[in-house]
Participant: 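Sharing a structure below in structure tokens format, with a few things to ask.
We count ligands from 1, going down the list as the structure has it; atoms in each ligand are counted the same way.
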Amino acid sequence: MSYVKEVYEGLAANHPHEGEFLQAAEEVLTSIEPAVEKNPAYRQQAILERLTEPDRAILFRVPWVDDKGVVHVNRGYRVQFNNAIGPYKGGLRLHPSVNLSIIKFLGFEQIFKNALTGLPIGGGKGGSDFDPKGKSDREVMAFCQSFMTELYRHIGADVDVPAGDIGTGAREIGYLYGQYKRITNLYEGVLTGKGLTYGGSLARTEATGYGLVYFMSEILAAKGQSISGKTVVISGSGNVATYACEKAQQLGAKVVAMSDSNGWVYDAEGIDLAAIKQIKEVERKRIREYVSYRPKAEYHETGRIWDVPCDLALPCATQNELNLADADTLIKNGVFAVGEGANMPTTPDAAHRFQSAGVLFAPGKAANAGGVAVSALEMSQNSQRLSWSFAEVDERLKGIMAGIYGQIRAVCEEFGFGDNYVAGANIAGFQKVAKSMLAHGIV
Ligand code: NDP
Ligand code: 2IT
């Protein structure tokens with residue numbers, strides 16, 4: 001049996017209930033096989049066994065009191081997956097679906113994504129099954145303070161630097177930072193996505209969505225195409241989706257549909273992003289409110305957002321939100337490229353279908369790396385005690401996304417992969433991490 005198959009089967013036998021983690025691991029292991037086979041040191045040094053086992057996984061109780069005085073207990077997680085190339089780095093997800101499998105899949109993906117940015121950051125992820133939706137600011141603060149009261153002992157500016165993800169935005173990062181500072185008496189860059197008045201970076205809010213569109217521009221340019229004039233469908237209406245929409249519109253695309261977990265809107269005239277921001281960022285309401293701003297738009301709670309014909313599909317909500325039937329519909333409607341703004345939003349069969357149909361498919365660990373890349377730039381600014389301008393950060397982000405595309409292209413050419421960006425991204429990220437692990441010895 002090949003080395004990668006042996007390692008995958010071991011994982012599947014040991015973690016039969018970790019579906020999302022096994023899905024992420026299988027994709028990476030399968031696609032890096034040609035690179036693994038070329039270097040016997042990987043097997044001799046058990047690189048894949050060590051890469052698929054987190055350095056540590058921390059699970060903890062998070063008790064907090066709601067506005068009525070009722071006590072709740074949530075479960076907190078931080079998986080510190082791999083720090084071969086830098087301190088653990090990755091977001092905190094607050095969503096009722098969170099479990100160990102989801103945090104492990106996200107932490108595992110983060111290792112390769114972070115390596116692709118070219119910046120010195122390792123892979124980690126955390127979160128809780130707490131649901132911030134419908135909670136008062138005080139309840140969210142109570143949760144965040146309790147969460148940090150355990151987390152603080154495991155993190156630090158040179159150890160592990162958490163950030164936002166689903167359900168964790170500027171408000172939550174603020175409360176988490178306040179509690180870390182209070183407990184440790186340290187004023188350090190222990191979190192990213194901070195407010196601009198206390199160490200945040202300009203362009204971090206925009207970075208993932210903008211980076212996604214910069215990356216898609218790179219792959220389109222290589223085919224003699226551009227974003228301008230393209231019809232775009234974006235799922236989600238959170239941080240990534242909003243700023244992907246903003247940049248796509250700035251570059252001349254027409255975004256016609258967006259969604260949340262209740263439904264999706266179709267606006268033939270192009271999404272009114274100011275309305276989306278008002279509903280989502282200011283009022284924290286549902287996307288169904290959109291039709292009160294744009295009476296000609298449609299709101300649907302049935303059917304699929306992927307039924308809307310488009311040139312570019314950007315899934316920016318959550319894992320496995322685009323399945324094989326969706327892929328078939330998109331292909332039938334002539335989709336040209338798919339870019340994963342979310343982590344693992346495309347099911348494996350759908351991803352294969354796109355690739356075999358000749359649709360350009362940009363995997364999340366490349367396409368959405370702009371967020372963590374600017375987080376690493378936030379860490380640099382914090383270390384320097386300096387703040388860079390929006391234009392400077394944005395230029396660096398563009399350069400990083402182009403650099404990721406360049407690394408993928410180089411691997412695709414070396415291995416004769418054509419436009420298989422999945423294999424290109426996984427191998428490029430893997431080789432950097434594996435080389436560092438080999439240099440460090442058996443640890
Ligand atoms: P937000 O919480 O800001 O937005 C999430 C959006 O996705 C919301 O519209 C939400 O709808 C929708 N959504 C979440 N869970 C589900 C679900 N189970 N089913 C349907 N819709 C859902 O998160 P982000 O925009 O930050 O994150 C979106 C994705 O991008 C995630 O996969 C995240 O891991 C990934 N990502 C985020 C980065 C960042 O910098 N923030 C960086 C790289 C990747 P509703 O409000 O109804 O729940
Ligand atoms: O999935 C991701 O890359 C993020 N949620 C951002 C992580 C970060 O540290 O900025």
Participant: Would one find an N or O of N368, backbone or side chain, under 3.5 Å from an N or O of ligand 1?
Facilitator: no
Participant: Less than 4.0 Å is my threshold; does some heavy atom of R204 fall inside it relative to ligand 1?
Facilitator: yes
Participant: Of the protein's non-hydrogen atoms, which lies at the shortest distance from atom 27 (O) of ligand 1, and what is that distance?
Facilitator: I166 CG1, 3.7 Å
Participant: Are any non-hydrogen side-chain atoms of Q23 and N320 less than 4.5 angstrom apart?
Facilitator: yes
Participant: Taking the six-membered ring of W388 as reference, does the NZ or CZ atom of R396 fall below 6.0 Å from its centre and within a 45° cone about the axis?
Facilitator: yes
Participant: Write out the residue and atom name of the closest protein heavy atom to atom 18 (N) of ligand 1, then the distance separating them to 0.1 Å.
Facilitator: T318 CG2, 3.7 Å
Participant: Can you name the residues that come within less than 4.0 Å of ligand 2, going by heavy atoms only?
Facilitator: K89, G90, G91, Q110, K113, K125, A163, G164, D165, R204, N343, G371, V372, S375
Participant: Report yes if some N/O of Q319 lies less than 3.5 Å from some N/O of ligand 1; otherwise report no.
Facilitator: no
Participant: Could you say whether the N/O atoms of N343 and ligand 1 ever approach to under 3.5 Å?
Facilitator: yes
Participant: Walk me through whether D272 and Y290 qualify under side-chain hydrogen bond (donor to acceptor under 3.5 Å, both in side chains).
Facilitator: CA-CA 9 Å; D272 175 354; Y290 184 81; 5.5 Å; no
Participant: If you compare all heavy atoms of H440 against all heavy atoms of A84, which two are closest, and at what distance to 0.1 Å?
Facilitator: CE1-O, 3.2 Å
Participant: Among all protein heavy atoms in this structure, tell me which lies nearest to atom 15 (N) of ligand 1, with the distance rounded to 0.1 Å.
Facilitator: H95 NE2, 3.6 Å
Participant: Does the side chain of Y88 pick up a donor-acceptor pair with the side chain of D55 at under 3.5 Å?
Facilitator: yes
Participant: If you measure only the distance, is there a donor-acceptor pair under 3.5 Å linking the side chains of N343 and K113?
Facilitator: yes
Participant: Which of the atoms of ligand 1 are close to R93, meaning less than 4.0 Å from one of its heavy atoms?
Facilitator: 31 (C), 32 (O), 33 (C), 34 (O)
Participant: So, taking the atom named CD1 in I404 and the one named OH in Y421, what distance separates them when rounded to the nearest 0.5 Å?
Facilitator: 14.0 Å
Participant: Step by step, work out the ring-ring contact (aromatic ring centres under 6.0 Å, His included) result for F81 and F108.
Facilitator: CA-CA 6 Å; F81 227 112; F108 184 70; 5.7 Å; yes
Participant: Nearest heavy atom to atom 28 (C) of ligand 1: which of S259, A317, S235 does it belong to?
Facilitator: A317
Participant: Step by step, would you call Y405 with Q407 a side-chain hydrogen bond (donor to acceptor under 3.5 Å, both in side chains)?
Facilitator: CA-CA 6 Å; Y405 179 70; Q407 292 174 67; over 6 Å; no
Participant: D260 to ligand 1: N or O pair under 3.5 Å?
Facilitator: no
Participant: Return yes if some donor-acceptor pair links the side-chain N/O of T231 with the main-chain N/O of K254 below 3.5 Å, else return no.
Facilitator: no
Participant: Using every non-hydrogen atom in the two residues, find where C316 and I234 come nearest and quote the distance to one decimal.
Facilitator: SG-CG2, 3.9 Å
Participant: At what distance, to the nearest 0.5 angstrom, does CG of N239 lie from CD1 of I166?
Facilitator: 11.0 Å
Participant: Check each atom of ligand 1 against the heavy atoms of C316 and keep those under 4.0 Å away; list them by number with element.
Facilitator: 28 (C), 29 (C)
Participant: Below the 3.5 angstrom mark, is there an N/O of V240, backbone or side chain, next to an N/O of ligand 1?
Facilitator: yes
Participant: For side-chain contact (heavy atoms from CB on, under 4.5 Å), just list the numbers for L251 and K230, CA-CA rounded to whole Å, side-chain angles, deciding distance to a tenth of an Å, and then say yes or no.
Facilitator: CA-CA 10 Å; L251 297 181; K230 295 279 187 295; over 6 Å; no
Participant: Please tabulate, one pair per line, all N/O donor-acceptor pairs under 3.5 Å involving side-chain atoms of residues 204-212, not counting sequence neighbours.
Facilitator:
{"unit_1": "R204", "atom_1": "NE", "unit_2": "G371", "atom_2": "O", "d": "3.1"}
{"unit_1": "R204", "atom_1": "NE", "unit_2": "S375", "atom_2": "OG", "d": "2.9"}
{"unit_1": "Y210", "atom_1": "OH", "unit_2": "E246", "atom_2": "OE2", "d": "2.6"}

Participant: Looking at atom 9 (O) of ligand 1, what's its closest protein heavy atom, distance included?
Facilitator: S237 N, 2.9 Å
Participant: Report the part of E172 in contact with ligand 1, treating N, CA, C, O as backbone and CB onward as side chain, heavy atoms under 4.0 Å; options are side chain, backbone, both, neither.
Facilitator: neither
Participant: Between K435 and F430, is NZ or CZ placed under 6.0 angstrom from the six-membered ring centre and within 45° of the ring axis?
Facilitator: no
Participant: Side chain, backbone, both or neither: which part of A163 has a heavy atom under 4.0 Å from ligand 1?
Facilitator: neither
Participant: Run the side-chain contact (heavy atoms from CB on, under 4.5 Å) test on V335 and D311 for me, step by step, so that the C-alpha distance in whole Å, both residues' side-chain angles and the decisive distance to 0.1 Å come before the verdict.
Facilitator: CA-CA 4 Å; V335 72; D311 304 308; over 6 Å; no
Participant: Give yes or no for whether the N/O distance cutoff of 3.5 Å, strictly under, is met between R286 and ligand 1.
Facilitator: yes
Participant: For K133, is at least one N or O under 3.5 Å away from an N or O on ligand 1?
Facilitator: yes
Participant: Tell me the contacting part of E321 for ligand 1: side chain, backbone, both, or neither, using a 4.0 Å heavy-atom threshold, strictly below.
Facilitator: neither
Participant: Look at atom 39 (C) of ligand 1 and say which protein heavy atom is nearest, naming residue and atom and giving the distance to 0.1 Å.
Facilitator: T208 OG1, 3.4 Å
Participant: To the nearest 0.1 Å, how far is atom 3 (O) of ligand 1 from its closest protein heavy atom, and which atom is that?
Facilitator: N239 N, 2.9 Å
Participant: Can you list the ligand 1 atoms lying under 4.0 Å from a non-hydrogen atom of G236?
Facilitator: 9 (O)
Participant: Inspect the contact between D160 and K89 and indicate whether a charged nitrogen and a carboxylate oxygen are less than 4.0 angstrom apart.
Facilitator: no
Participant: With respect to atom 11 (O) of ligand 1, which of P315, A342, S261 exhibits the smallest heavy-atom separation?
Facilitator: S261
Participant: Among all protein heavy atoms, pick the one closest to atom 4 (O) of ligand 1 and tell me residue, atom and distance.
Facilitator: G238 CA, 3.2 Å
Participant: Would one find more than 12 heavy atoms of other residues, nucleotides or ligands at under 6.0 Å from atom CZ of R409?
Facilitator: yes
Participant: What residue and heavy atom of the protein are closest to atom 33 (C) of ligand 1, and at what distance?
Facilitator: D165 OD1, 3.2 Å
Participant: Can you tell me if G167 contacts ligand 1 (heavy atom of the residue under 4.0 Å from the ligand)?
Facilitator: yes
